[in-house]
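Input: a single structure, listed below in structure tokens.
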Amino acid sequence: MADSRDEPLVLGIETSCDETGVGVVRGTTLLADAVASSVDEHARFGGVVPEVASRAHLEAMVPTIDRALKEAGVSPRDLDGIAVTAGPGLAGALLVGVSAAKAYAYALGKPLYGVNHLASHICVDQLEHGALPEPTMALLVSGGHSSLLLSMDITSDVRPLGATIDDAAGEAFDKIARVLNLGFPGGPVIDRYAREGDPDAIAFPRGLTGPRDPAYDFSFSGLKTAVARWIEAKRAAGEEVPVRDVSASFQEAVVDVLTRKAVRACKDEGVDHLMIGGGVAANSRLRALAQERCEAAGIRLRVPRPKLCTDNGAMVAALGAEMVARNRAASDWDLSADSSLPVTDPHVPGQGHPHGHGHGHHGHDHVHEVSKENLYS
């Protein structure tokens, strides 16, 4: 059996939205997962405010990195690389993470890997269930994304099959929670109320499920509008809104469509593994219905524990470690944030490194050792 110390040791930085996440991973083993969230600062606005998120990342970055390294019990000098979310996400927030990753990588003389947020959400499952099968079908559901992706090679070949054409599932949860006066974020609180409600109480619509609709795309805007109008009609009539039944019926409409399309994609593509990731993957009903439908279809379901489903640095470190292990090209120093980085680009390879960095390679030749000593003396 190989010595675990021979596996790539990578630090990952995630700042695509309102979570400052820093993870440390050795191969497929999670050593540290430190998160500083600014969600409370956004709650009074009912959603994420980009400028507030960026400033929170600036304040949290160095302390969170220090906390992750301490938790992992490793020295920055021991790292084989530094990975960072280069996109997609909020431009300003991404820039904070990319700038920090460049500074640390340059000063420490380590290779830099700008990786894709969505591909990272898929790769994080390796930390819980071992190496990803190839191919793997991935259903990613969050506040910004509802996507069906076919991963042939998580470091180089991820194919989009379907995506949301309007509101993502997480956005719909937030908006309905706001209409119900349940606060922000909406996902956890609706999940909680739904457990005490009847999912069949109200027949809310299932978007894009007709015979002529796109097989794998999602639409939750119509559902969101239908639920809001139903609530408004109750209030206009002076009737009490059954919050638990509304929550359960709305949630059922969302997860019904998500799981139905995911299982269909697996069958159509001949893939026997389905991975579910993203913040909404923490939803208890989504997990239960996915398990039920996957078992019926002979598909193996892989869902990371809830903490690894939401945005975190561990997922970025996991993908970075895979990049190092597979000798993928490191990014150049002019790496920039790309708020719309396509999932077909699992990472942003540098032009100056066509052959990549084998694991154990400690950085770029032009980085001066004095920089390392100045930062960590």
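All values below come from the heavy atoms of this structure, side chains included, with hydrogens, waters and symmetry mates left out.
Looking at residues two or more places apart in sequence or on another chain, you find a side chain to side chain contact (heavy atoms under 4.5 Å, CB included) between Glu239 and Lys234, Ala237. Under the side chain to side chain donor-acceptor pair (under 3.5 Å) criterion, Asp213 pairs with no residue at all, not counting sequence neighbours. With sequence neighbours excluded, no residue forms a side chain to side chain donor-acceptor pair (under 3.5 Å) with Ser99. For the side chain to side chain contact (heavy atoms under 4.5 Å, CB included) test, residues two or more places apart in sequence or in another chain that qualify with Gln251 are Phe173, Ile190, Asp191, Ala194, Val255, Asn283, Arg285. Among residues two or more places apart in sequence or in another chain, the side chain to side chain donor-acceptor pair (under 3.5 Å) test is passed with Asp198 by none. With sequence neighbours excluded, no residue forms a ring pair (Phe, Tyr, Trp, His ring centres under 6.0 Å) with His347. Taking the side chain to side chain contact (heavy atoms under 4.5 Å, CB included) definition, one finds that Ala72 meets it with Val24, Leu31, Ala32, Val74, sequence neighbours left out. Partners of His57 according to the ring pair (Phe, Tyr, Trp, His ring centres under 6.0 Å) rule, which considers only residues two or more places apart in sequence or in another chain, do not exist here. In this structure Pro304 satisfies the side chain to side chain contact (heavy atoms under 4.5 Å, CB included) test together with Val124, Asp125, Glu128, Met275, Leu308, Cys309, sequence neighbours excluded.
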Residues 139-152, side-chain donor-acceptor partners within the protein, below 3.5 Å, at least two apart:
residue, atom, partner, partner atom, Å
Ser142, OG, Gly144, N, 3.3
Ser142, OG, His145, N, 3.1
Ser146, OG, Ala169, N, 2.9

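Within the structure, side-chain hydrogen bond (donor to acceptor under 3.5 Å, both in side chains) contacts touching residues 288-301 (residues at least two apart or in different chains) are Asp256-Arg293, Thr259-Arg293, Gln291-Glu295. Sequence neighbours left out, the pairs with a member in residues 165-187 that pass side-chain hydrogen bond (donor to acceptor under 3.5 Å, both in side chains) are Asp166-Ser219, Asp167-Lys175, Asp167-Lys224.
Salt bridge status for Arg264 with Asp268: present, with a side-chain N to carboxylate O gap under 4.0 Å.
Shown here is Tyr216, whose OH atom has more than 12 heavy atoms of other residues, nucleotides or ligands within 6.0 Å. Around CZ of Arg229, the count of heavy atoms belonging to other residues, nucleotides or ligands within 6.0 Å does not exceed 12. Other residues, nucleotides and ligands contribute over 12 non-hydrogen atoms within 6.0 Å of the CZ atom of Arg326.
Within the 4.5 Å cutoff, no side-chain heavy atoms of Glu19 are placed close to those of Thr310. You'll find the side chain of Val98 stays beyond 4.5 Å of the side chain of Ser336, heavy atoms only. Leu289 places a side-chain heavy atom less than 4.5 Å from the side chain of Glu252. Under the 4.5 Å side-chain criterion, counting only non-hydrogen atoms from C-beta, Leu69 is in contact with Pro76. Side-chain contact check for Val257 versus Leu223: every heavy-atom pair is 4.5 Å or farther apart.
Here the side chain of Thr85 pairs no donor or acceptor atom with the backbone of Ser16 at under 3.5 angstrom. Judged by distance alone, the side chain of Arg287 and the main-chain N or O of Ala281 form a donor-acceptor pair under 3.5 Å. A donor-acceptor pair under 3.5 Å is absent between the side-chain atoms of Lys110 and the main chain of Asp78, judged by distance alone.
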